[in-house]
Amino acid sequence: MIQPMNSPLRFDVLSLFPRTVDSFVGESILGKASARGLIEISSHDLRDWSKGKHREADDRPFGGGAGMVLKPEPLFDAVEELSRPQSTVIYMAPDGDPFTTQMAKELSISQHLVLISGHYEGIDQRVRDELVHREVSIGDYVLTNGSLAAAVMIDAVSRHIPGVLGDDESLLDESFEDDLLGCPQYTRPAEFRGIKVPEVLLSGNHEEIARWRHEQRVQKTRSLRPDLSTNTQTIRN
Ligand code: ADE
């Protein structure tokens, strides 16, 4: 029986600077994945849902204070227009849950992600309370342009979708797979400025190479990121 094709994961990004996302996702592996129909990415200018004469999507915070806050009306209208029952609405925010490989894998089997990006301001809390399913931070720092965070998430999620990475760009052995960091990589020439590539990599012995790589990953993780893994106890024989 011919299996029906799964529909591609769709990302809709809501932001004040949608071109930031467009310019990033049109390039390289994501650009190719979109052209091949493996993912669909659409970015939207929040001002398109503003009813104001000047298309305002933000306003000053009640109670005073610096900065602006994204208004609830355009966000509610936009999210309600774009969402379907199976959509997950994610607010990219520095105070959200830390984004990890595990989360990227989980999200890669979604059908539709609606990503809300802020810009040097927060969003009205009612949006967070009523519309948003998950709040996600890409790190403990604050960006001026939350579209960058959305672009990072799209990139990291998409590479877990089968077919997005070519055969050359394997997910195996890279950082955070198995809770280990990646191993050192070398290419030609075998000797450069007197520095030689580790002999084992030139040996052609795939078992030895796999063992060496695993050991390197364990040692690197143990010294740089001991918090990551209990796998650093085990060196494969
Ligand atoms: N918007 C601003 N800073 C951010 C961060 N660190 N993560 C996600 N979204 C953000």
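Every number for a ligand or one of its atoms is a count from 1 in the order of the listing.
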Asker: Should we count NZ of K105 as having more than 12 external heavy atoms under 6.0 Å?
Answerer: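 Yes, NZ of K105 has more than 12 neighbouring heavy atoms, counting only those of other groups under 6.0 Å.
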Asker: Which of the numbered atoms in ligand 1 are below 4.0 angstrom from a heavy atom of A149?
Answerer: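 Close to A149: 8 (C), 9 (N).
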Asker: Please list the nearest protein heavy atom to atom 6 (N) of ligand 1 with its residue and the distance rounded to 0.1 Å.
Answerer: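 Ranked first by proximity to atom 6 (N) of ligand 1 is Y141 O, 2.8 Å.
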Asker: Can you see whether S147 engages S15 through a side-chain donor-acceptor pair at a distance of less than 3.5 angstrom?
Answerer: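 Checked: S147/S15 side chains pair up, N/O donor to acceptor below 3.5 Å.
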Asker: Once the angle between the rings of H119 and F17 is folded into 0 to 90°, is it parallel (under 30°), tilted (30 to 60°) or perpendicular (over 60°)?
Answerer: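 H119 vs F17 ring planes: perpendicular.
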Asker: Does only the side chain of A93 get under 4.0 Å from ligand 1, or the backbone, or both, or neither? Count heavy atoms.
Answerer: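 A93 to ligand 1: backbone contact only, side chain stays beyond 4.0 Å.
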Asker: Within a distance under 4.0 Å of any heavy atom of S137, pick out the atoms of ligand 1 and give their elements.
Answerer: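 With S137 as reference, the close atoms of ligand 1 come out as 6 (N), 7 (N), 8 (C).
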Asker: Mind checking whether V69 and L46 sit in one hydrophobic cluster, side chains of I, L, V, M, F, W, Y counted as touching below 4.5 Å?
Answerer: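 V69 does not cluster with L46.
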Asker: What residue and heavy atom of the protein are closest to atom 7 (N) of ligand 1, and at what distance?
Answerer: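 Ranking protein heavy atoms by distance from atom 7 (N) of ligand 1, first comes I138 N, 3.0 Å.
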Asker: Provide, to 0.1 Å, the distance between atom 3 (N) of ligand 1 and the closest protein heavy atom, together with that atom's residue and name.
Answerer: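 Ranked first by proximity to atom 3 (N) of ligand 1 is L143 N, 3.0 Å.
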Asker: At a 4.0 Å threshold, what atoms of ligand 1 neighbour a non-hydrogen atom of V136?
Answerer: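 Every atom of ligand 1 under 4.0 Å from some heavy atom of V136: 8 (C).
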Asker: For ligand 1, which atoms, with element, lie under 4.0 Å from some heavy atom of M92?
Answerer: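 Atoms satisfying the 4.0 Å criterion: 8 (C), 9 (N).
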Asker: Is G146 in polar range of ligand 1, meaning some N or O pair under 3.5 Å apart?
Answerer: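 No: no nitrogen or oxygen of G146 is under 3.5 Å from one in ligand 1.
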Asker: Is there a nitrogen or oxygen of V142 sitting under 3.5 Å from a nitrogen or oxygen of ligand 1?
Answerer: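 N/O-N/O distance below 3.5 Å does not exist for this pair.
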Asker: Keeping R60 on the side-chain end and M68 on the backbone end, is there a donor-acceptor pair under 3.5 Å?
Answerer: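 No.
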Asker: Check whether any side-chain heavy atom of D124 sits under 4.5 Å from a side-chain heavy atom of L75, and report yes or no.
Answerer: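 They are not in contact (no side-chain heavy atoms under 4.5 Å apart), so the answer is no.
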Asker: Considering only the protein, which heavy-atom contact is closest to atom 10 (C) of ligand 1, and what is its distance?
Answerer: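 The answer is P94 CD, 3.7 Å.
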